[in-house]
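What follows is a short report on a single structure.
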Amino acid sequence: MSTTAPLDDKTLTELREIAARYPEARSGLLPMLHLVQSAQGRITPEGIEACAAILEISAAEVNGVATFYTMYKRHGVGDYHVGVCTNTLCAVMGGDAILERLKDHLEVGNDEVAVQRQGDSHTVSLEHIECNAACDYAPVMMVNWEFMDNQTPESAVQLVEALRAGHEVSSTRGPKLCTWREAERVLAGFPDGRADEGPSAGPASLVGLEIARERGWRAPDPTATPAIEAAQKEESGA
Amino acid sequence: MTTTPDKTVEKTDLVIVTIDGVQVSVPKDTLVIRAAEQVGVQVPRFCDHPLLAPVGACRQCLVDVPDAGNGRGFPKPQASCTLPVAEGMVVSTQVSSPVADKAQQGVMELLLINHPLDCPVCDKGGECPLQNQAMSNGRGESRFSDDRNRGVKRTFPKPINLSPMVLLDRERCIVCQRCTRFADEIAGDPFIALVERGVQQQIGIAEDAPFLSYFSGNVIQICPVGALTSEQYRFRSRPFDLVSTPGIAEHDACGSAIRVDHRRGAVLRRQAGDDPAVNEEWISDKDRFAFAYAQADDRLSYPQVRDDDGSLRPASWPEAFTVAARGLAAAREAGGVGVLTGGRLTVEDAYAYGKFARTSLGTNDIDFRARPLSAEETDFLASNVVLTGPGAGGVTYGDLESAATVVLVGLEAEDEAAAVFLRLRKSVRAGGTEVVSLAPFTTRGLAKLAARLVPTAPGDEAAALRALAGELDASSVLLVGERMAVVPGALSAAAEVAASTGARLAWVPRRAGDRGAIEAGCLPTLLPGGRPVADAGARIDVATAWGVEALPESPGRDADGIVAALVAGTLGGLLVGGVDPDDTADPAAARAAIDAAGFVVALDLRRTEVTDRADVVFPVAPTTDKSGSFVNWEGRVRSWEAALRNPASLPELRALAGIADELAQLGQGRPLGFRTVDEVRAEMAQLGPWDGARVELPATRVESAATQQREGGNSTVRLATWKQLLDNGSLQDGDKYLKSTARTPVALVTPDAYDRYGPTVTLTGDRGSMTLPAEICDDLVDGVVWVPANSVGDGVLADLASPGTTVTIAGAEGVHG
Amino acid sequence: MTDMLTPVLTDIWDAEQSWKLATYVDQGGYAALDVAFAMDPDDIITAVKDSGLRGRGGAGFPTGMKWSFIPQDNPKPKYLVVNADESEPGTCKDIPLMMGNPHVLVEGVIISSYAIRANKAFIYIRGEVVHVIRRVQAAVEEAYAAGHLGKDIHGSGYDLDVVVHAGAGAYICGEETALLEGLEGRRGQPRLRPPFPAVAGLYASPTVINNVESIASVPAIVKNGAAWFGAMGTEKSKGHGIFSLSGHVQKPGQYEAPLGITLRELLDLAGGVREGHQLKFWTPGGSSTPLFTDAHLDVPLDFEGVAGAGSMLGTRALQIFDDSVCVVRAVLRWTEFYQHESCGKCTPCREGTWWLTQALTRLENGQGSEADLDQLIDQCDNILGRAFCALGDGATSPVTSSIQYFRDEYLTHLSNGGCPFDPARSTAWAGTEVSA
């Protein structure tokens with residue numbers, strides 16, 4: 001375990017800044033804890049104390065919140081936190097097989113960090129995750145909460161190897177992957193300027209639209225709708 | 001605020017509901033679960049508690065509601081602990097509805113699937129709501145872990161410490177949140193919280209932040225399972241082996257109802273009693289856990305007399321009576337005997353002291369105040385305190401709830417009057433009361449009351465109070481602490497401000513016996529029943545009742561006067577009970593007085609330095625071993641009967657009666673005329689209260705000079721101090737767990753002072769020096785330092801200086817803490 | 001007769017940089033704003049009521065009616081909170097919507113806030129979708145820069161601030177009062193109702209909480225009129241909705257169609273079930289809605305149609321499972337999900353999901369007897385309607401519906417001494433391996 005650097009003044013200032021976004025400071029707690037993770041790699045007792053002091057609530061109350069939400073980690077994760085969706089649909093579509101393959105390959109259990117081998121420039125950790133709202137891309141993986149759609153066991157192994165080797169990897173529907181800590185900073189409400197990377201929509205998102213385009217289907221013409229309504233009224237009246 | 005004491009609901013707003021076919025009329029907003037109680041139906045429940053806001057978490061209290069009062073029913077069973085009644089509502093509980101019954105049985109079954117089967121070794125077994133309701137509303141056989149379905153129960157390593165005192169067995173917990181709700185809502189100490197999620201959800205603390213609350217023990221009592229236990233009681237006994245006797249807590253002047261649970265002559269635990277008018281269902285940890293002192297090794301169990309070789313030796317009671325009487329008679333001849341009774345007497349024992357002083361010793365030199373005092377206070381007690389009480393113009397707990405403003409003057413309620421603190425917090429949370437405090441800084445207790453601080457250096461209270469007068473009216477209450485005795489003009493200012501604004505006034509002492517001692521005549525100016533010594537009619541009144549010709553006419557010496565007279569040799573002897581010299585205004589002088597006294601008779605529970613210096617020592621009974629009464633700050637009489645029978649343990653009044661008999665033999669006075677608590681109670685009732693004119697408070701005295709120049713690189717600061725709830729007090733002896741929950745003693749300093757003197761400071765006063773870790777207090781009045789009065793060494797009065805005086809402050813170089 | 005598919009919210013998704021303000025404005029975006037500002041706020045509420053728009057987050061409560069519950073005589077500030085905590089298994093519409101068309105949400109937020117007279121709005125997005133959060137953050141920033149947010153928007157005198165708030169991993173925060181707890185920095189556990197959020201929601205102030213798609217539907221309603229919206233859909237389920245097809249279909253993805261379309265129609269568009277397989281079971285609205293089978297292909301996918309057939313329209317999350325899938329395995333996995341996501345507040349859900357998981361695990365392993373199925377049904381009966389919120393209810397849906405339709409398959413597990421299915425056959429690559 002690497003030692004954790006104490007929270008610096010910049011982070012403390014930013015924590016206060018988050019609290020100030022809200023009519024009531026405590027609303028800032030979730031993003032503040034994201035920022036603690038960004039700064040320290042996990043939820044530390046120091047981070048809990050700092051949030052409690054800023055929000056004038058007890059450390060126990062902060063601890064209660066930090067242990068409720070699964071994105072908050074009490075143990076460190078890798079530079080790249082790899083999630084495999086094993087909720088029913090993804091599991092059936094191959095998520096279970098992907099998770100098993102990765103556990104074997106990385107020699108880890110759930111929510112553990114793989115050993116950094118000689119030559120690895122980055123660490124990865126593995127976790128099975130619940131439905132991440134990308135079912136039309138099943139089976140789905142997430143890396144630092146960026147979509148990695150339509151995976152197979154082989155692609156998953158290639159992916160984690162590329163991450164460990166430090167190669168540039170992009171989300172299938174998003175930007176070039178940043179580290180987990182950098183992603184946590186975005187969740188804390190400090191944008192990283194990558195919003196314009198990646199496509200408008202992935203291929204599955206567009207299938208319905210493409211069919212509509214092919215067949216010329218569209219929503220009713222607004223200028224024609226009163227007539228439609230009148231016609232309907234007539235029908236029902238008749 | 002959504003707590004639901006039904007008594008607060010206007011009786012005029014009644015609604016009629018039908019529960020299990022029985023019509024009942026209940027106040028509007030009554031919860032169905034309590035309306036059901038009115039028709040004799042106990043709906044099973046766990047998370048529900050009448051003094052906590054409803055949560056509807058456990059779902060045990062589901063009932064069927066075929067008609068919500070609007071002709072339509074609820075499609076699903078409803079939690080009766082969160083559902084208010086409505087006119088015409090029809091409710092079917094488990095008694096009449098198979099749906100409700102099945103719902104309850106189902107929830108009970110689910111509660112039990114992860115509950116360990118360790119009832120035989122569980123502290124709660126026998127008084128466990130889960131156990132009891134599983135019997136009344138559950139199924140006998142488990143479907144979860146029967147032969148076919150070998151269900152796996154959730155397990156946790158057990159137990160864990162939430163604090164040095166409170167332990168948690170997570171397996172037993174049903175996460176009803178009563179404890180966390182209590183900590184948050186009632187105590188204001190949310191240091192325990194739900195942590196984790198789902199089936200792993202449990203009660204927890206933050207790392208290195210234990211559940212250190214003055215009220216932590218209440219969560220153990222309200223836990224509906226055996227999840228919370230105390231280090232003190234865990235595995236000590238089974239509920240059905242205990243005998244419970246109602247009692248009154250002896251640690252402060254709140255008069256809190258308690259329950260003393262004992263077995264074979266030993267107290268094993270104390271619980272909060274349920275008294276809606278006083279402490280509701282809560283007590284402080286001191287009231288709950290501090291009782292081992294009465295069973296300490298140094299407890300006196302036989303009389304002693306000073307032998308020819310100068311040592312104390314055991315003596316029979318008759319011998320001790322005789323020796324004491326002879327010595328006191330001689331001392332009376334040699335200038336008289338002073339009587340110092342301490343502040344912990346029952347009102348019956350105090351009455352015996354008062355009568356003994358007047359009739360056996362022929363003196364008014366009697367004072368209960370074993371603490372800093374003043375003549376102004378003596379007058380104030382006679383003019384504004386004695387004989388007030390509920391129904392007699394006195395402020396009550398209930399009045400605190402209805403007051404618009406409560407002003408605390410020299411009273412840190414959380415430390416000095418815990419039940420008052422909780423009631424104030426309740427009023428503040430209900431939104432109707434603002435607490436204003438004249439104090440040197442915002443204490444934790446004041447913060448929890450969302451109190452408005454009127455920053456006041458010790459000594460400046462009179463002026464601060466007068467400045468506040470414009471904001472007060474008949475909806476205000478002034479609560480004045482005993483510390484104001486030594487602030488010249490403060491008590492007079494309080495009385496005048498109350499009189500001029502219509503605000504109501506109450507005096508809140510620290511000790512359980514203080515108020516009763518005033519009523520019983522343990523003051524140099526007051527006879528029993530608030531009769532002024534100076535009033536001839538009052539004296540005749542009492543003399544007639546007591547069957548004596550006359551009572552001493554001149555007002556006596558107060559405690560300081562007695563001490564001074566003993567040192568000067570003008571008094572010949574001392575009768576003293578329960579006084580610790582280190583609590584007195586001048587500990588060195590008190591010691592000198594005892595040494596100088598020609599003859600000393602001491603009555604005490606345990607061996608002390610006073611009993612070591614006495615010529616005759618009588619053991620007296622602790623509150624568990626005798627019946628008695630305290631009069632609390634309200635003036636409410638709080639009586640109890642003895643919990644334990646201990647023939648060797650006699651109340652003070654019996655010892656005093658024995659001495660009086662012997663003195664009478666010597667021609668001094670006459671027998672007291674009682675030997676038992678009941679006889680004293682009867683005599684007091686017959687005497688009754690004074691119905692003559694109340695003594696007027698003398699005109700305003702000189703108030704302490706306005707705050708002097710205290711700043712400017714000058715290293716002197718004014719000393720603010722009071723006793724914390726948990727400290728080195730001798731009544732807390734004997735429980736190491738309780739002791740380790742006390743707050744760490746620190747000196748509170750201003751940020752400037754911290755910068756200047758560093759993290760450890762040495763304070764030096766006219767009585768010595770004290771070195772403490774310093775802690776920054778952001779809103780501490782400039783030029784003031786605060787230290788706990790009895791948490792370090794022999795306490796501030798002995799080791800440092802008198803409260804409110806000036807001490808020097810310096811950084812403690814080279815001190816490692 | 002409207003077209004089979006009616007792209008409204010999805011219409012811009014195939015545009016280059018569709019998430020940018022400029023792209024949105026090019027396609028007529030933010031035009032509804034001036035229409036709205038020219039209206040009385042109450043008239044907007046009436047228009048949304050008249051449109052028949054019902055909540056797109058699952059429950060289907062009429063949106064305009066929800067807005068009208070806000071007590072305008074309450075002196076406290078009013079708040080709009082967008083529920084973008086899309087987490088219901090199978091549901092994957094709001095995420096691509098916010099990714100591809102965040103400005104329609106922002107515009108909807110502005111109009112909706114104006115209608116309910118809120119000056120502060122929050123978009124609560126689940127935390128596990130960083131890029132979606134980036135896009136919404138950027139859209140809000142662009143909207144401020146363009147004067148669509150902030151003080152005196154478009155010279156209307158109306159002020160609005162929007163905060164984008166990231167969650168942190170809790171399915172339960174999709175429940176609106178749990179979401180409010182999360183937004184207030186607390187554990188996401190549902191609140192007691194009453195009081196309802198419309199009266200005492202965020203910071204105990206009147207609060208409207210609406211799903212992303214509901215709010216995003218508002219600009220077009222305001223611009224095109226209630227009648228235009230009502231021209232789509234069925235009598236009581238009006239308008240367009242995004243249908244998410246996933247699983248064993250040829251073309252999984254998003255299909256924006258009038259409510260009332262059937263799965264048969266959608267499957268036709270999607271090229272049918274996976275080659276060589278038959279439809280076995282499907283969820284009409286996420287895993288919390290009782291399963292359907294091939295007997296339900298012609299059920300109109302609107303609120304009444306689905307309810308009439310014994311399930312719920314929910315979030316139109318159509319998870320399609322073919323005959324390669326073991327229903328017991330599927331249901332067990334969902335049950336494990338509910339156990340993992342149960343907030344812990346109430347007994348039936350916390351303990352009940354623990355028990356259901358164990359009971360189903362035994363059955364999947366072929367242990368137990370037929371009597372256990374009845375006991376499962378009884379356990380579900382002790383959870384459904386007894387839990388504090390709908391999570392517990394939802395947890396029972398797959399269990400009871402699967403036993404209803406596939407009792408024999410459970411029994412086969414028992415007679416077979418375990419699961420008779422080969423999980424490899426159901427994977428996305430199973431077909432390719434066979435053909436390779």
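Heavy atoms only: backbone and side chains are in, while hydrogens, waters and symmetry mates are out. Letters A, B, ... are given to chains in the order of the sequence lines, protein chains preceding strands, and every chain is numbered from 1. Just so we're clear, the structure is a prediction, and the values are computed from it rather than from any experiment.
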- [ ] Indicate yes or no for a side-chain donor-acceptor contact from A/Ser200 to the backbone of C/Glu16 under 3.5 Å, with no hydrogens or angles considered.
- [x] no
Task: Part of residues 241-251 of chain C lying next to chain A, heavy-atom separation under 4.5 Å - done: C/Leu245, C/Ser246, C/Gly247, C/His248, C/Lys251
Open item on the list: Using heavy-atom distances under 4.5 Å, tell me whether A/Glu214 contacts chain C through its side chain, its backbone, both, or neither.
Closed with: neither
- [ ] Could you list all the side-chain hydrogen bond (donor to acceptor under 3.5 Å, both in side chains) pairs where at least one residue sits in residues 50-65 of chain A, not counting sequence neighbours?
- [x] A/Ser58-A/Glu61
Open item on the list: I'd like to verify something: which residue of A/Leu29, A/Asn132, A/Ile211, A/Leu33 has the highest number of heavy-atom pairs under 4.5 Å with chain C?
Closed with: A/Asn132
Task: Gap between atom CZ of C/Arg186 and atom CG of A/Leu30 - 0.5 Å precision - done: 12.0 Å
Task: Most chain C-contacting option - heavy-atom pairs closer than 4.5 Å, from A/Cys135, A/Gly202, A/Gly198 - done: A/Cys135
TODO: Please flag which part of A/Ala97 lies under 4.5 Å from any non-hydrogen atom of chain C: side chain, backbone, both or neither.
DONE: side chain
Task: Region of A/Arg215 that comes under 4.5 Å of a non-hydrogen atom in chain C - done: side chain
TODO: Any chance you could lay out the salt bridge (charged side-chain N to carboxylate O under 4.0 Å, His left out) test for A/Asp192 and C/Arg134, step after step, and finish with the verdict?
DONE: CA-CA 8 Å; A/Asp192 61 359; C/Arg134 282 195 192 93; 2.9 Å; yes
Task: Polar side-chain atom of C/Asp3 near backbone of A/Arg218 as donor-acceptor pair, under 3.5 Å - done: yes
Task: Proximity breakdown for C/Tyr124 and chain A, heavy-atom pairs closer than 4.5 Å - done: side chain
Open item on the list: Report, in residue-number order, which members of residues 140-148 of chain A are under 4.5 Å from chain C by heavy-atom distance.
Closed with: A/Met142, A/Asn144, A/Trp145, A/Glu146, A/Phe147
- [ ] Select, from C/Ser87, C/Ser426, C/Pro258, C/Ala138, the one with the greatest count of heavy-atom pairs under 4.5 Å involving chain A.
- [x] C/Ser426
Task: Side-chain donor or acceptor of C/Arg333 paired with backbone N/O of A/Asn87 under 3.5 Å - done: no
Open item on the list: Taking side chain as everything from C-beta outward and backbone as N, CA, C, O, which of these in C/Glu88 sits under 4.5 Å from a heavy atom of chain A? Side chain, backbone, both or neither.
Closed with: backbone
Open item on the list: Need one label for C/Cys173: side chain, backbone, both or neither, based on atoms under 4.5 Å from any heavy atom in chain A.
Closed with: side chain
- [ ] Would you please test A/Val65 and C/Arg187 for side-chain contact (heavy atoms from CB on, under 4.5 Å) and show each step?
- [x] CA-CA 5 Å; A/Val65 172; C/Arg187 295 162 62 79; 4.3 Å; yes
Open item on the list: Between A/Cys51 and chain C, with a heavy-atom cut-off of 4.5 Å, which part of the residue counts as in contact: side chain, backbone, both or neither?
Closed with: neither
- [ ] Look at the side chain of C/Trp228 and the backbone N and O of A/Pro220, then say whether any donor-acceptor pair between them is shorter than 3.5 Å.
- [x] yes
- [ ] Starting at CD of C/Glu86, measure out to SG of A/Cys131 and round the result to the nearest 0.5 Å.
- [x] 8.0 Å
Task: Note, A/Ser27 side chain near C/Tyr203 side chain (heavy atom, < 4.5 Å) - done: yes
- [ ] Using salt bridge (Lys or Arg N to Asp or Glu O under 4.0 Å) as the criterion, list what pairs up with A/Glu17, not counting sequence neighbours.
- [x] none
Task: Donor-acceptor pair, side chain of A/Glu130 and main chain of C/Tyr171, under 3.5 angstrom - done: no
Task: Which atoms of C/Val8 approach chain A - backbone, side chain, both or neither, heavy atom under 4.5 Å - done: side chain
Open item on the list: Counting only non-hydrogen atoms closer than 4.5 Å, does C/Ala257 touch chain A with its backbone (N, CA, C, O), its side chain (CB onward), both, or neither?
Closed with: neither
Open item on the list: Working to the nearest 0.5 angstrom, can you tell me the gap between C/Lys93 NZ and A/Asp136 CG?
Closed with: 12.5 Å
Open item on the list: For the CD atom of C/Gln254 and the CG atom of A/Leu206, what is their distance to the nearest 0.5 Å?
Closed with: 9.5 Å
TODO: Please tell me if the side chains of A/Ser171 and C/His131 come closer than 4.5 Å, counting only heavy atoms from C-beta onward.
DONE: no
Task: Greater than 12 external heavy atoms within 6.0 Å of A/Arg213's CZ - done: yes
TODO: Select one option (side chain, backbone, both, neither) describing which atoms of C/Lys223 are under 4.5 Å from chain A's heavy atoms.
DONE: neither
- [ ] Report yes if some heavy atom in the side chain of A/Tyr22 is under 4.5 Å from a heavy atom in the side chain of C/Val163; otherwise report no.
- [x] yes
- [ ] Decide yes or no on side-chain contact (heavy atoms from CB on, under 4.5 Å) for C/Gln137 and A/Val186, but give the supporting numbers first.
- [x] CA-CA 9 Å; C/Gln137 283 171 343; A/Val186 175; 3.7 Å; yes
TODO: Answer with side chain, backbone, both or neither: which region of C/Glu256 has an atom nearer than 4.5 Å to a non-hydrogen atom of chain A?
DONE: neither
- [ ] Identify which of A/Ala212, A/Pro139, A/Pro199, A/Gly28 forms the greatest number of heavy-atom pairs closer than 4.5 Å to chain C.
- [x] A/Pro199
Open item on the list: To the closest 0.5 Å, what do you measure between CG (C/Leu269) and CH2 (A/Trp217)?
Closed with: 5.0 Å
Task: Enclosure of C/Glu235 CD (heavy-atom neighbours >12, cutoff 6.0 Å) - done: no
Task: Beyond-backbone contact of A/Val92 with C/Gln319, side-chain heavy atoms, under 4.5 angstrom - done: no
Task: Test side-chain contact (heavy atoms from CB on, under 4.5 Å) applied to C/Glu128 and A/Met71, step by step - done: CA-CA 8 Å; C/Glu128 302 99 321; A/Met71 291 179 79; 3.7 Å; yes
